[in-house]
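Each remark here refers to the structure printed beneath this line.
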Amino acid sequence: MEIRNGTAVQEFTLEGFPADQHLGKVLFLLHLLAYLASVTGNSLIITITWADRHLHTPIYFFLSIFSFCECGCVTTVIPNLLLIFLSGRQIISLAACFTQAFAFLFLGASACFLMGVMSLDRYLAICKPLHYLTIMNPRTCILMVTACFFSGFLLMVIPVIKLSQLSFCGPNVIPHFFCDLGPLARLSCPESRSIETLFYNLVSFLLLTSLFMTVIAYSNIVVTILQLPSAKERQKAFSTCSSHLIVLSLMYGSCIFIYVRPKQTSRFDSNREAALVNTVVTPLLNPVIYTLRNKQVHQALRDTLSRVKLQK
């Protein structure tokens with residue numbers, strides 16, 4: 001995306017964390033371990049899903065794509081944050097800042113739509129089991145994923161392009177640990193309330209649409225499960241949705257707190273903790289939640305390890 005020539009500010013200072021060297025080393029180690037665990041766990045889900053034929057089902061296809069988005073989100077933010085902790089240099093260039101903002105928002109929006117699609121998948125699997133495989137065929141799954149990425153791109157590219165065409169003449173301090181569109185809009189000259197409002201309206205539409213789809217799907221799922229004759233069947237049905245519900249709660253909770261709650265003077269300062277949950281904690285917990293509570297993934301892991309041992 002083209003940045004207007006003549007822009008006075010060519011770099012920003014990220015002040016999401018203190019630049020203290022001693023504290024920086026501790027934070028560097030913690031975030032490095034979290035980043036490696038997150039990327040490794042989500043990559044493992046992707047690898048197992050594509051390697052084991054028993055997991056070639058719609059829900060695991062969507063889960064592997066969701067894990068890809070999570071890897072992309074943390075890689076967009078955390079490596080630059082690690083560099084800040086290690087060097088103490090909190091500077092990011094204008095072009096890198098906009099690239100980071102767009103990549104993070106695009107992948108995050110796509111992941112949010114994917115969560116809604118996964119809710120729809122669970123609804124069809126539990127409430128319409130006889131028609132499930134007919135409806136959720138490979139072509140439909142690919143179209144749904146394509147629609148998620150296209151919608152995420154379309155929603156996020158508009159405010160980013162509009163903001164990139166404005167001037168930045170100071171101050172150049174972003175009170176966050178990565179480039180988000182809200183803080184950037186407040187630094188433009190003149191300050192662009194219209195773009196900030198557009199951005200939060202688009203994000204609110206994204207979150208509330210996905211959340212509405214999820215609530216409708218799970219309301220029908222709960223009604224269907226409660227009508228099952230045996231307690232064992234009800235427990236089994238609930239267990240298939242529990243992992244997804246935990247991830248949904250973490251993701252929607254942090255995103256709604258950041259983007260949808262009423263504006264406050266100290267909004268961006270208080271958002272850092274919620275943003276950490278969204279960018280570090282949730283991608284780290286996703287693989288743990290999905291693998292520890294899933295017998296099919298356990299079996300796929302054992303089968304994969306067995307094949308590796310036999311090849312040696």
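These figures come from a predicted structure and were not determined experimentally.
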Using the rule that two of Ile, Leu, Val, Met, Phe, Trp, Tyr join whenever any of their side-chain heavy atoms come within less than 4.5 Å, decide whether [X] and [Y] are in one cluster.
X      : Y      : value
Phe150 : Val160 : no
Val173 : Phe98  : no
Leu143 : Phe113 : no
Phe177 : Leu29  : no
Val203 : Leu154 : no

Just how far is it from atom [atom1] of [X] to atom [atom2] of [Y], taken to the nearest 0.5 Å?
X      : Y      : atom1 : atom2 : result
Leu202 : Thr197 : CG    : OG1   : 11.0 Å
Ile135 : Leu130 : CD1   : CG    : 10.5 Å
Cys127 : Arg122 : SG    : CZ    : 10.5 Å
Leu208 : Met213 : CG    : CE    : 12.0 Å
Ser164 : Leu184 : OG    : CG    : 10.5 Å
Leu206 : Met156 : CG    : CE    : 6.0 Å

Is it true that a side-chain atom of [X] and a backbone atom of [Y] form a donor plus acceptor pair closer than 3.5 Å?
X      : Y      : result
Ser43  : Thr40  : no
Gln100 : Cys179 : yes
Ser64  : Phe61  : yes
Asn42  : Ser38  : yes
Gln90  : Leu14  : yes

- Under 3.5 Å, is there a donor-acceptor pair linking the side chains of Thr140 and Asn137?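 Looking only at side-chain atoms, Asn137 and Thr140 do form a donor-acceptor pair, the distance falling under 3.5 Å.
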
- Item | Partners meeting disulfide (SG to SG under 2.5 Å) with Cys69 (sequence neighbours left out) |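 Not a single residue meets the disulfide (SG to SG under 2.5 Å) criterion with Cys69.
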
- Non-neighbouring partners of Ser110 that pass side chain to side chain donor-acceptor pair (under 3.5 Å), sequence neighbours left out: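 Listed in chain order: nothing, the list is empty.
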
- Take atom CZ in Phe106; do more than 12 heavy atoms of anything else shown fall under 6.0 Å from it?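 Atom CZ in Phe106 is packed in, count exceeds 12.
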
- Using a 4.5 Å cut-off on heavy atoms from C-beta on, say whether the side chain of Phe199 contacts that of Leu105.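 When only atoms from C-beta onward are counted, Phe199 and Leu105 do touch, with a gap below 4.5 Å.
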
- Message: Are Gln10 and Ser93 packed together at the side-chain level, in the sense that at least one heavy-atom pair is separated by less than 4.5 angstrom?
- Response: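 A side-chain contact under 4.5 Å is absent here.
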
- Message: Once ring pair (Phe, Tyr, Trp, His ring centres under 6.0 Å) is applied, do any residues pair with Phe178, and if so which ones, sequence neighbours excluded?
- Response: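 Result, ring pair (Phe, Tyr, Trp, His ring centres under 6.0 Å) vs Phe178: Phe104, His176.
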
- Item | Test ring pair (Phe, Tyr, Trp, His ring centres under 6.0 Å) applied to Phe12 - qualifying residues, sequence neighbours left out |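 With sequence neighbours excluded, Phe12 shows a ring pair (Phe, Tyr, Trp, His ring centres under 6.0 Å) to Phe168, given in chain and number order.
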
Please report the closest heavy-atom contact between [X] and [Y], naming both atoms and the distance.
X      : Y      : answer
His56  : Trp50  : NE2-O, 3.1 Å
Leu284 : Ala34  : CD1-O, 3.9 Å
Pro183 : Ile174 : CB-CG2, 3.8 Å

- Item | Connected hydrophobic set around Ile216, excluding itself, where side chains approach under 4.5 Å |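 Taking Ile, Leu, Val, Met, Phe, Trp and Tyr as members, Ile216 shares its hydrophobic cluster with Phe212.
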
Which pairs of donor and acceptor atoms, one on a side chain in residues 72-85, lie under 3.5 Å apart (sequence neighbours left out)?
from	atom 1	to	atom 2	distance (Å)
Thr75	OG1	Tyr35	OH	3.1
Thr75	OG1	Cys71	O	2.7
Thr76	OG1	Gly72	O	2.7

- Query: Does Phe102 have its ring centroid less than 6.0 Å away from the ring centroid of Phe153?
  - Reply: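 Yes, close enough.
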
- Item | Identified side chain to side chain contact (heavy atoms under 4.5 Å, CB included) counterpart of Pro58 within the set Leu120, Asp121, Leu63 |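 When side chain to side chain contact (heavy atoms under 4.5 Å, CB included) is applied between Pro58 and each of Leu120, Asp121, Leu63, only Asp121 qualifies.
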
